[in-house]
Amino acid sequence: MSYTTPDLPYAYDALEPYIDRMTMEVHHDKHHTGYTSKLNAALEGSGFEGKEIEELIRGVDSLPEKIKTAVRNNGGGHYNHSLFWEFLSPSGGGKPEGRLIEAINSSFGSYDDFVSAFSAAAAARFGSGWAWLVSDAKGTLSVISTANQDNPLSQGLTPLLGLDVWEHAYYLKYQNRRPEYIENFFKVVNWKKSAEIYESVL
Ligand code: MN3
């Protein structure tokens, strides 16, 4: 049983003009597939192959040394990108609804205050990594950022929304203009996915 890169749930050019076709092709077909195949290669014969990826990432710190780094980097890469494609939608944008917007309002003050906090975390991540909206086990929200391919699951938190701020995610279209990429991300955010995950936490 090996891990596979899921197909995109929309066409490569479906997120234009905010995220361009070539970025999506390279990002999904080359970068994500690279993480998936390196994860498979690292776990082969380890006894851990075929475990749920969430389970591996949640417990990454207690994995055998031989596979720990590969799971953190390539398992994280595979899992983060699998989520990321779902966090985007050509019919996305707008604001979340239901219990998620209530929680955002109570944790951050308002939706706009949340966007400011998330955007600041995404802009301030030095080098490569991710910005996240996360929930703890009680449903309390916060914004964090992680380095490289680390995932909030390893900190006991559930990711509700994540933005890839590696240069490979935006450089072809935005070059050094990461803040513009962050701003446009909110025009294609799939809040339905975030709300669905949040409901599963509550
Ligand atoms: Mn990426």
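Values below: all heavy atoms of this structure, side chains included; hydrogens, waters and symmetry mates excluded. What you see is a predicted model, and the numbers here were worked out from it, not measured in a lab. Order of appearance sets the numbers: ligands from 1, and atoms from 1 within every ligand.
Between the side chains of H32 and W85, at least one donor-acceptor pair of N or O atoms lies under 3.5 Å. Using a 3.5 Å distance cut-off with no hydrogens or angles, the side chains of Y174 and N184 do pair a donor with an acceptor. Side-chain atoms of H27 and H168 include a donor-acceptor pair closer than 3.5 Å.
Protein contacts to the Mn ion (ligand 1) involving N, O or S atoms at a distance below 2.8 Å are H27 NE2, H81 NE2, D164 OD2, H168 NE2.
Here H78 contributes atom NE2 and T33 contributes atom OG1; the two are 10.0 Å apart, rounded to the nearest 0.5 Å.
Looking at Y198, its side chain does come within 3.5 Å of a backbone N or O of G139 through a donor-acceptor pair.
Its side chain within the 4.5 Å cluster rule, M22 clusters with V26, L172 among the Ile, Leu, Val, Met, Phe, Trp and Tyr residues.
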